**Q** 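Here's a structure for you.
Sequence positions, counted from 1, serve as the residue numbers for this chain. Being a predicted model, the structure only gives us computed values, none of them experimental.
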Amino acid sequence: MMKKMGGMKQEERTRKHRLMQEDTGHSLQDKNCLQPEGLLHPQSVEVATEPVRPKLQPDSGGCKHLQDELGVLCPTGCELRTNLLKQSRNVKNSVANIRPKLESLSHSSNSIFKYASLLGEKFKERQELNKENENLINEYSIELEEQYTYIKENVDNNIPSNIRILRQVLENLRSKIQKLEATISSQVENCRSPCVTSCNIPVVSGKECEEIYRKGGETSEMYLIQPDAFFRPYKVYCDMTTQDGGWTVIQNRQDGSVNFGRTWDSYKNGFGNVASNGGKGVCDTPGEYWLGNERISQITNLGPTEALIEMEDWDNNKVSAKYTGFTVQNEANKYQLSVSGYQGTAGNALMEGASELRGENRTMTIHNGMFFSTYDRDNDGWLHADPNKQCAKEDGGGWWYNRCHSANPNGRYYWGGYYTYDMAKHGTDDGVVWMNWKKSWYSMKKMSIKIRPFFSN
């Protein structure tokens, strides 16, 4: 019984040892990278009954154990270093070749990124601009539609009715023109013989009307005056009743019977009708005339002279502007005007310009110090490259224009007072204007300029 048990134990040990060897072989083959020298793990070795074999070393240049069951060898540290040293030169050269390409690629990538970002911003701006343009187009489209609707309504409705009205106005104008032509024809017949002043001239005379007044000529009528003994006497209307009398009338407007759009020589020598017979056998009714710049200059240079400008609107309202200093130079000095000492109710247009204007626009309407201008002799203050742009051409008469006027006593005569730019020849305020009283677009019914010697108190 004991032998049997002993035999069984021995057989059991032999079987365990075989299993351990098989297990150890597999373990070494799977884990040979951890034991490059082919040694077994201590705990896997047991005391065997068989004799211990000598330790076998692998060949120095191989990669396997001499025993196949021990598996392959992992490279040693030295082998790894040797291989790395062999490959390092090629790797460095490759890295050196790759580095500039990598840097160039990085630079190109940055440039492309910046360019892409810029394109993105531009695209965003373009989208915003397109959106703004669309909004603007929509806004103008709406406005255009409104204008089209307005124009269409006027074309369909208002214009036809206006045309009918204009046709009626045209017919009325034609009728008036026919009447005027008939009147002109009759006047031509009446004027075939020269006009003759059928009134006596008073015997009393003097250098000017104030001297005649002191000599006893107290009636307002036409007289002969002679400011300079070297020149012949000439006719003039004397106002002997206004403000103590003695006024020599140098200009008068009252009915539009005389055209004041004259040349330089006409204004120099004078024109118009001085006076007419009022039915008493004397020329006691003043006419429309300009005395003449030469004569005005002679009178004002006799000594200190004052001027009185009287005007009347179409409602018979009257105002005046008086200047205690009034002088006109000779032709060599272009009949330059000098005024001072304003008094009156009409407004100081000659010295201060148009009261309705401000700043430079007002300054350019001052007449004091200006030269005399006519449409054929431009001496105004309006400097323009176009020779047709002259105050005298646009404003209807000769005057001391600046750029251009606040007062225009020699302008075109408009019946009724108010007129519009489409009635004016050049679209300008060319009427008998005193802007400081009735502004630009009102033409006076009457206006006169009178002068006399000034005696200071």
**Q** Does Q336 reach the main-chain N or O of G369 with its side chain, forming a donor-acceptor pair under 3.5 Å?
**A** yes

**Q** Would you confirm whether R295, through its side chain, and V236, through its main-chain N or O, come within 3.5 Å as a donor-acceptor pair?
**A**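 Checking the backbone N and O of V236 against the side chain of R295, no donor-acceptor pair under 3.5 Å is found.
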
**Q** Are any side-chain N or O atoms of H384 and backbone N or O atoms of D386, one a donor and one an acceptor, separated by less than 3.5 Å?
**A**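 Yes: the side chain of H384 pairs with the backbone of D386.
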
**Q** Starting from the C-alpha separation in whole Å, work towards a yes-or-no answer on side-chain contact (heavy atoms from CB on, under 4.5 Å) for R262 and T374.
**A** CA-CA 7 Å; R262 303 289 184 117; T374 58; over 6 Å; no

**Q** Going by an N to O cut-off under 4.0 Å, is there a salt bridge joining E128 and K131?
**A** no

**Q** Please check if atom NZ in K215 has more than 12 non-hydrogen atoms from other residues, nucleotides or ligands closer than 6.0 Å.
**A** yes

**Q** Measure from the side-chain N and O atoms of N361 to the backbone N and O of L357, and report whether any donor-acceptor pair falls under 3.5 Å.
**A**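 Here the side-chain-to-backbone pair does not exist.
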
**Q** Indicate yes or no: at least one non-hydrogen side-chain atom of W399 is less than 4.5 angstrom from one of D380.
**A** no

**Q** Answer yes or no: is there an ion pair linking D430 with K425, defined by an N-O contact shorter than 4.0 Å?
**A**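 Answer for the salt bridge query: no.
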
**Q** Which atoms form the tightest heavy-atom contact between E352 and I366, and what is the distance?
**A**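 Minimum heavy-atom separation between E352 and I366: C-CG1, 3.6 Å.
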
**Q** Yes or no on side chain to side chain donor-acceptor pair (under 3.5 Å) for N410 and Q251, after CA distance, side-chain angles and deciding distance?
**A** CA-CA 9 Å; N410 296 337; Q251 183 261 19; 3.1 Å; yes

**Q** For W247, which residues count as a ring-ring contact (aromatic ring centres under 6.0 Å, His included) partner, sequence neighbours excluded?
**A**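 W247 satisfies ring-ring contact (aromatic ring centres under 6.0 Å, His included) with no residue once adjacent residues are dropped.
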
**Q** Do you know which of E211, E210, E218 makes side-chain hydrogen bond (donor to acceptor under 3.5 Å, both in side chains) with R214?
**A**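 For R214, the side-chain hydrogen bond (donor to acceptor under 3.5 Å, both in side chains) check succeeds only for E210.
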
**Q** Taking the side chain as C-beta and beyond, is there a heavy-atom pair between P453 and L302 under 4.5 Å?
**A** no

**Q** Going by distance alone, is a donor N or O of one side chain under 3.5 Å from an acceptor N or O of the other, for N330 and N333?
**A**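 Yes, side-chain donor-acceptor contact under 3.5 Å.
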
**Q** Roughly how far apart are D378 CG and W264 CH2, rounded to 0.5 Å?
**A** 10.5 Å

**Q** Determine, stepwise, if the pair N368 / Y342 fulfils side-chain contact (heavy atoms from CB on, under 4.5 Å).
**A** CA-CA 12 Å; N368 188 27; Y342 167 79; over 6 Å; no

**Q** Just wondering, do Y223 and V204 contact through their side chains at under 4.5 Å, heavy atoms?
**A**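 Yes, their side chains come closer than 4.5 Å.
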
**Q** May I ask you to decide if the ring planes of Y419 and Y414 are parallel, tilted or perpendicular, using 30° and 60° as cut-offs?
**A** parallel

**Q** Give, for atom CG of L136 and atom CG of L129, the distance between the pair rounded to the nearest 0.5 Å.
**A** 10.0 Å

**Q** Are any non-hydrogen side-chain atoms of Q226 and S205 less than 4.5 angstrom apart?
**A**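 Q226 vs S205: side chains apart.
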
**Q** Got a donor-acceptor contact below 3.5 angstrom from the S109 side chain to the L105 backbone?
**A** yes

**Q** If I compare all heavy atoms of G396 with all of R412, which pair ends up nearest, and what's the gap?
**A** CA-CG, 4.2 Å

**Q** Under a 3.5 Å distance rule, please check whether R232 uses its side chain to pair with a backbone N or O of A229 as donor and acceptor.
**A**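 Not confirmed, R232 side chain does not pair with A229 backbone.
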
**Q** Look only at the side chain of N402 and the backbone of M370, and say whether a donor-acceptor pair between them is shorter than 3.5 Å.
**A**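 Answer holds: no.
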
**Q** Is the ring centre of F260 less than 6.0 Å from the ring centre of Y413?
**A** no

**Q** Before you tell me yes or no, could you show the steps for Y267 and F372 under ring-ring contact (aromatic ring centres under 6.0 Å, His included), namely the whole-Å CA-CA distance, both residues' side-chain angles and the distance that decides it to 0.1 Å?
**A** CA-CA 9 Å; Y267 272 96; F372 200 86; 5.3 Å; yes

**Q** Report the C-alpha distance between T263 and S266 in whole Å, list the side-chain angles of each, state the deciding distance to 0.1 Å, and finish with yes or no for side chain to side chain donor-acceptor pair (under 3.5 Å).
**A** CA-CA 5 Å; T263 63; S266 293; 3.2 Å; yes

**Q** Side chain of S106, backbone of L102: donor and acceptor closer than 3.5 Å?
**A** no

**Q** Considering the options S448, P286, S220, which one meets the side chain to side chain contact (heavy atoms under 4.5 Å, CB included) requirement together with D239?
**A** S220

**Q** Would you sort out whether E294 and Y335 count as a side chain to side chain donor-acceptor pair (under 3.5 Å), showing the intermediate values?
**A** CA-CA 8 Å; E294 276 297 310; Y335 302 118; 2.6 Å; yes

**Q** Does K438 form a side-chain contact (heavy atoms from CB on, under 4.5 Å) with W434? I'd like the steps, not just the answer.
**A** CA-CA 6 Å; K438 292 290 185 178; W434 193 272; over 6 Å; no

**Q** Just wondering, do V282 and T219 contact through their side chains at under 4.5 Å, heavy atoms?
**A** no

**Q** Anything under 30° is parallel, anything over 60° is perpendicular, the rest tilted; go ahead and classify H367 against H405.
**A**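 Parallel, since the angle between the ring planes stays under 30°.
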
**Q** Quick one, L291 and V274 - any side-chain contact, counting heavy atoms below 4.5 Å?
**A**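 No, every pair of side-chain atoms sits at 4.5 Å or beyond.
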
**Q** How far does CG of L119 sit from CZ of R126, to the nearest 0.5 angstrom?
**A**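 That separation rounds to 11.5 Å.
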
**Q** Is there a side-chain contact (heavy atoms from CB on, under 4.5 Å) between S257 and E288 once you walk through the steps?
**A** CA-CA 7 Å; S257 60; E288 286 202 335; 3.7 Å; yes

**Q** Can any side-chain N or O of T248 pair as donor or acceptor with the backbone N or O of C238 at less than 3.5 Å?
**A**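 No; judged by distance alone, with no hydrogens or angles, the pair does not exist.
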
**Q** Can you tell me if K393 has over 12 outside heavy atoms packed within less than 6.0 Å of its NZ?
**A**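 It does: K393 NZ has more than 12 such atoms within range.
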
**Q** Which atoms form the tightest heavy-atom contact between N259 and F271, and what is the distance?
**A** O-CE1, 3.8 Å

**Q** Do T149 and E146 come within less than 4.5 Å of each other through their side chains, counting heavy atoms only?
**A**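 Sidechains of E146 and T149: no contact.
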
**Q** As a quick check of understanding, evaluate salt bridge (Lys or Arg N to Asp or Glu O under 4.0 Å) for E360 and R403, giving each step before the final call.
**A** CA-CA 10 Å; E360 184 180 358; R403 288 184 302 166; 3.4 Å; yes

**Q** Nearest 0.5 angstrom please: R452 CZ to T300 OG1, how far?
**A**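 That separation rounds to 16.0 Å.
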
**Q** State, to 0.1 Å, how close Y442 and D315 come at their nearest heavy-atom pair, and which atoms those are.
**A**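 Looking at all heavy atoms of both residues, the shortest contact is OH-N, 4.4 Å.
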
**Q** Taking the basic N atoms (NZ, or NE/NH1/NH2) and the acidic carboxylate oxygens, is any pair closer than 4.0 Å for K450 and E310?
**A** yes

**Q** Could you walk me through whether N317 and W314 pass the side chain to side chain donor-acceptor pair (under 3.5 Å) test, one step at a time?
**A** CA-CA 7 Å; N317 300 308; W314 290 84; over 6 Å; no

**Q** Would the distance check show the side chain of T365 and the main-chain N or O of A354 forming a donor-acceptor pair, the cut-off being under 3.5 Å?
**A** yes

**Q** Using a strict cut-off of less than 4.0 Å between a Lys/Arg side-chain nitrogen and an Asp/Glu carboxylate oxygen, indicate whether E306 and K322 qualify as a salt bridge.
**A** yes

**Q** Grab the two heavy atoms, one from V433 and one from S440, that are nearest each other, plus how far apart they are.
**A**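 Looking at all heavy atoms of both residues, the shortest contact is CG2-O, 3.3 Å.
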
**Q** For a 4.5 angstrom cut-off between non-hydrogen side-chain atoms, does E394 reach W382?
**A**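 Yes, at least one pair of side-chain atoms sits under 4.5 Å.
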
**Q** What distance separates I449 CD1 from N252 CG, expressed to the nearest 0.5 Å?
**A** 9.5 Å

**Q** Out of curiosity, Q168 CD to E171 CD, how far, rounded to the nearest 0.5 Å?
**A** 7.0 Å

**Q** So which heavy atom on Y237 is nearest to which on M222, and how close?
**A**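 Closest pair (atom of Y237, atom of M222, distance): CD1-N, 4.0 Å.
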
